[in-house]
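What follows is a single structure, written as structure tokens, with notes after it.
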Amino acid sequence: MKVLFVCSQGMSSTIAVNALKKEAASKGMEMDVLAVSTQQFPDEVKKGYDVSMVAPQIEHRFALLKEEADKAGVPCGQIEPMAYSPLGGPKLLQQVKDLLG
């Protein structure tokens, strides 16, 4: 599974991405997660991701990012602030599953 993680690319993004990857691995799921900035998102979303997720600190850009994801046919959702942490892996994985339906 390929997940596009749209963020501001700070240290907290790295921590949250690692938490998601670790949780997926513990459930036997193979997951590739790429963190990109909002400037890279329009190009990256077209590259065959299964899900795109938007970090809480850029939620004000969510409508624009969702529009790009919808054009590419990629489910897009916002990450809940409480999931955006080193312990957020289980919640992040559930959000990915929810987006996939």
Side-chain angles (χ1 to χ4, degrees):
M1 177 181 316
K2 289 178 66 178
V3 177
L4 186 61
F5 200 89
V6 185
C7 57
S8 60
Q9 290 191 294
M11 185 54 125
S12 61
S13 299
T14 301
I15 291 168
V17 166
N18 287 339
L20 175 57
K21 287 180 174 181
K22 183 178 176 183
E23 182 66 18
S26 76
K27 303 287 190 235
M29 297 174 68
E30 194 171 314
M31 186 174 289
D32 180 23
V33 184
L34 176 66
V36 298
S37 69
T38 55
Q39 290 81 9
Q40 295 169 290
F41 181 82
D43 293 329
E44 283 296 328
V45 75
K46 299 171 187 154
K47 295 183 179 178
Y49 289 89
D50 299 303
V51 172
S52 58
M53 301 176 78
V54 177
Q57 68 268 36
I58 57 168
E59 66 183 21
H60 60 284
R61 306 272 321 263
F62 178 70
L64 174 66
L65 299 172
K66 179 148 180 27
E67 184 179 321
E68 290 295 324
D70 287 348
K71 286 181 197 173
V74 177
C76 182
Q78 290 178 273
I79 298 168
E80 294 178 19
M82 295 304 292
Y84 200 72
S85 75
L87 302 176
K91 182 64 178 168
L92 290 169
L93 183 59
Q94 186 59 52
Q95 286 183 269
V96 168
K97 289 179 179 179
D98 290 348
L99 285 169
L100 289 172

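Keep in mind that this is a model prediction, so the values were computed, not measured. Here, residue 1 is the first one in the sequence, and each next residue gets the next number.
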Measure across [X] and [Y] and return the closest heavy-atom pair with its distance rounded to 0.1 Å.
| X | Y | value |
| --- | --- | --- |
| Val45 | Ala69 | CG2-CA, 3.9 Å |
| Cys76 | Phe62 | SG-CE1, 3.8 Å |
| Val33 | Phe5 | CG1-CB, 4.0 Å |

Rounded to the nearest 0.5 Å, how far does [atom2] of [Y] lie from [atom1] of [X]?
| X | Y | atom1 | atom2 | result |
| --- | --- | --- | --- | --- |
| Lys91 | Glu80 | NZ | CD | 4.0 Å |
| Glu44 | Lys47 | CD | NZ | 4.0 Å |
| Ser52 | Gln78 | OG | CD | 11.0 Å |

If the condition is side-chain contact (heavy atoms from CB on, under 4.5 Å), which residues does [X] pass it with, not counting sequence neighbours?
| X | result |
| --- | --- |
| Leu65 | Val6, Thr38, Phe41, Val54, Ile58, Arg61 |
| Pro75 | Leu99 |
| Ser85 | Leu87 |

Check whether any side-chain heavy atom of [X] lies under 4.5 Å from a side-chain heavy atom of [Y], and answer yes or no.
| X | Y | value |
| --- | --- | --- |
| Leu100 | Val51 | yes |
| Ser13 | Gln57 | yes |
| Leu93 | Met31 | yes |
| Met29 | Met1 | yes |
| Leu4 | Met53 | no |

Partner set under salt bridge (Lys or Arg N to Asp or Glu O under 4.0 Å) for Lys2, not counting sequence neighbours: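 Partners of Lys2 under the salt bridge (Lys or Arg N to Asp or Glu O under 4.0 Å) test: none.
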
To which residues is Leu64 joined in a hydrophobic cluster, defined by side-chain heavy-atom contacts under 4.5 Å among Ile, Leu, Val, Met, Phe, Trp and Tyr, whether direct or through other members?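 Under the 4.5 Å side-chain rule, Leu64 groups with nothing.
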
If you group Ile, Leu, Val, Met, Phe, Trp and Tyr by side-chain heavy-atom gaps below 4.5 Å, do Leu92 and Tyr84 land in one group?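 Yes, one cluster joins them.
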
Could you give the side-chain donor-acceptor pairs of residues 15-24 under 3.5 Å, partners two or more places apart or in another chain?
unit_1	atom_1	unit_2	atom_2	d
Asn18	ND2	Thr14	O	3.3
Glu23	OE2	Lys27	NZ	3.4

